[in-house]
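Here the structure is laid out as C-alpha cells; the discussion comes afterwards.
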Amino acid sequence: MTALDCNKCWAECLDVAVEVALKAGKLVQVAAKQEKNVSTKSTPTDLVTEADQQVEDLIISTLRDRFPSHKFIGEEASAAGGKCLLTDCPTWIIDPIDGTCNFVHSFPMVAVSIGFAVNNELEFGVIYHCFDGTLYTARKGHGAFCNGIRIHVSKEKDVSKALILTEIGAKRDQDTLNIFSGNIMKFLSAPAHGIRIIGSSTLALCLIATGSAEAYYQYGLHCWDIAAAAVIIREAGGVVMDTSGGPLDLMSRRVVAAGTNEMANYIVHQLQPINYERDDIDQGVQK
Ligand SMILES: O=P(O)(O)O[C@H]1[C@H](O)[C@@H](O)[C@H](O)[C@H](O)[C@@H]1O
Ligand SMILES: [Mg+2]
Ligand SMILES: [Mg+2]
C-alpha cells in the first residue's frame, strides 16, 4: 500500500471511529437512565456494568465488519482474558465507558474512547463526552479538535500557576493510599493552584489538550485510557511521557501529560511511584 493509500485509509478509519463513537455515546446515554447491574473486576472499586460490555460489543462488531483484518484491544475483552498486545497491525484500542464509577453514580463525567495505532505508533484518537456531547478528535500530523474547533494546550511552565489533574486508580491498600496522598500533598504545597480528580482519565487528559489544566499524572490507568488521549494532547502541542521522564510506554499503566516539557519534568521529579502490573503482562513482556 503506498503512503498516499495509507493516508486515505487512516482518514477513512478516523471517520468511521467518529461515527461509531457517537453511536456508542447514544447507547451510553440510554443506559444511563436505566437500572444498572454493577459488578467489580480487579478490586471492589473497579466497577463494571452490562452497559460497558454492550457498548464495547457494539464498537468492536461495527469496526470488525468494516475492517476484518484489524486487531482490537478492548477494556472488557481484556478483563475476560483477551490479549493486550500491540503489533505492527492496525489496532483499535477501546474504552467503551471511561468513568464507569461516574456512570453508576450518574456523575456526568463519562466518555467513549477509541484509539488507533499502526506499526506500533498511535495514529489517531476519538473521545466522546457522553453527557455533554463534546467530541475530541486528533490525527497524527493533522491537529487536535474539540467539536471541530482547533485546541491548544496551556504553555504555563510554573507549577505555582498550574491546575493539576490526577486519578486514583483501582488499588486502595494503605501503602498505595499513602503514596497517592503524598504525591498530592507535594503539589498542593508547591503550591499549585489546585488538584482535581474527575473520575475519567480520558476526559481529564482532554482537559490538558484544551489548556483547561496544565498537567496530568496517574498510576493505574490502562492503555485504553491513554491511547486516544495521547494523540489528542500531542496534536494540541502538549507532551505525553512515562512517569520516569522517558518515552510513553502505553502498556505500563502510568503516564505524565502536560502542556510544556518544563511542567511535565517538574511533575516527574516530584512523583513517588505506585506499581501496577503491566497491561501486556500475560504476553510475557518484562520491562
Ligand atoms: O474503568 P474506567 O474505564 O471507568 O476507567 C477509570 C479507571 O477505572 C480508574 O481506576 C481510573 O482512575 C480512571 O478513573 C479511569 O478513567
Ligand atoms: Mg472503561
Ligand atoms: Mg477507563
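Whatever order the structure lists them in is the order used to number ligands and atoms, beginning at 1. Please read these numbers as outputs of a predicted model, since none were measured by experiment.
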Quick look: H222 vs ligand 1, heavy-atom contacts under 4.0 Å, and the answer is neither
Looking only at distances, can you tell me whether any N or O atom of T202, backbone or side chain, sits closer than 3.5 Å to an N or O atom of ligand 1?
no
Protein heavy-atom partner closest to atom 13 (C) of ligand 1 - residue, atom, separation in Å
S201 OG, 3.1 Å
Within this structure, what is the CG-NE2 distance for the pair D158 and H193, rounded to the nearest 0.5 Å?
8.0 Å
Who gets closest to atom 2 (P) of ligand 1 by heavy atom: D98, V104, L221?
D98
Using a distance threshold of 2.8 Å, what protein N/O/S atoms lie below it relative to the Mg ion (ligand 3)?
D95 OD2, D98 OD1, D225 OD1
Under 4.0 Å between heavy atoms, the region of I97 that gets near ligand 1 turns out to be backbone
Is C101 close to ligand 1, meaning an N/O of one under 3.5 Å from an N/O of the other?
no
Determine whether the side chains of S200 and D98 contain a donor N or O and an acceptor N or O closer than 3.5 Å.
yes
Within the 4.0 Å heavy-atom cut-off, what T100 brings close to ligand 1 is both
Hey, does the side chain of T166 reach the backbone of Y217 with a donor-acceptor pair shorter than 3.5 angstrom?
yes
Mark whether atom 15 (C) of ligand 1 lies under 4.0 angstrom from at least one protein heavy atom.
yes
Under the 4.0 Å line, does any protein heavy atom show up next to atom 7 (C) of ligand 1?
no
Pairs under 3.5 angstrom only: tabulate donor-acceptor contacts from the side chains of residues 107-131 to other protein residues two or more places apart or in another chain.
unit_1 : atom_1 : unit_2 : atom_2 : d
E123   : OE2    : R139   : NE     : 3.1
H129   : ND1    : F131   : N      : 3.4
H129   : ND1    : D132   : N      : 3.4

Quick one: list whatever passes ring pair (Phe, Tyr, Trp, His ring centres under 6.0 Å) with F145, sequence neighbours left out.
none
Have S42 and D46 got a donor and an acceptor in their side chains that come within less than 3.5 Å?
yes
In sequence, state the C-alpha distance, the side-chain angles, and the governing distance for K36 and F103, and then conclude on side chain to side chain contact (heavy atoms under 4.5 Å, CB included).
CA-CA 9 Å; K36 296 174 186 78; F103 173 71; 3.7 Å; yes
N/O separation below 3.5 Å, G220 to ligand 1:
no
Consider only side-chain N and O atoms of E214 and S154, and report whether a donor and an acceptor are under 3.5 Å apart.
yes
Side chain, backbone, both or neither: A170 near ligand 1, heavy atoms under 4.0 Å
backbone
May I ask you to identify the nearest protein heavy atom to atom 11 (C) of ligand 1, giving residue, atom name and distance to one decimal place in Å?
Q218 NE2, 3.5 Å
Suppose we screen for salt bridge (charged side-chain N to carboxylate O under 4.0 Å, His left out). Which residues come up paired with E156, at least two apart in sequence or across chains?
none
Under 4.0 Å between a side-chain nitrogen and a carboxylate oxygen: does that hold for D249 and R278?
yes
Polar-atom distance check: L47 versus ligand 1, any N or O pair below 3.5 Å?
no
What are the atoms of ligand 1, with element, lying closer than 4.0 Å to any heavy atom of D95?
3 (O)
Verify the cluster assignment for I93 and L14: are they in a single hydrophobic cluster under the rule of side-chain heavy atoms below 4.5 Å apart?
no
G199 neighbourhood, listing ligand 1 atoms whose heavy-atom distance to it stays under 4.0 Å:
14 (O), 16 (O)
Is it true that Q272 and N183 share a donor-acceptor pair across their side chains at a distance under 3.5 Å?
no
Might you work through the side chain to side chain contact (heavy atoms under 4.5 Å, CB included) test for I73 and D279, ending with a clear yes or no?
CA-CA 10 Å; I73 295 174; D279 279 327; over 6 Å; no
Would I195 and I164 count as a side chain to side chain contact (heavy atoms under 4.5 Å, CB included) if you check the C-alpha gap in whole Å, the side-chain angles of each, and the deciding distance to 0.1 Å?
CA-CA 5 Å; I195 293 263; I164 299 175; 4.0 Å; yes
Atom 1 (O) of ligand 1: the protein heavy-atom neighbour that sits closest, reported with distance to 0.1 Å:
E75 OE2, 3.2 Å
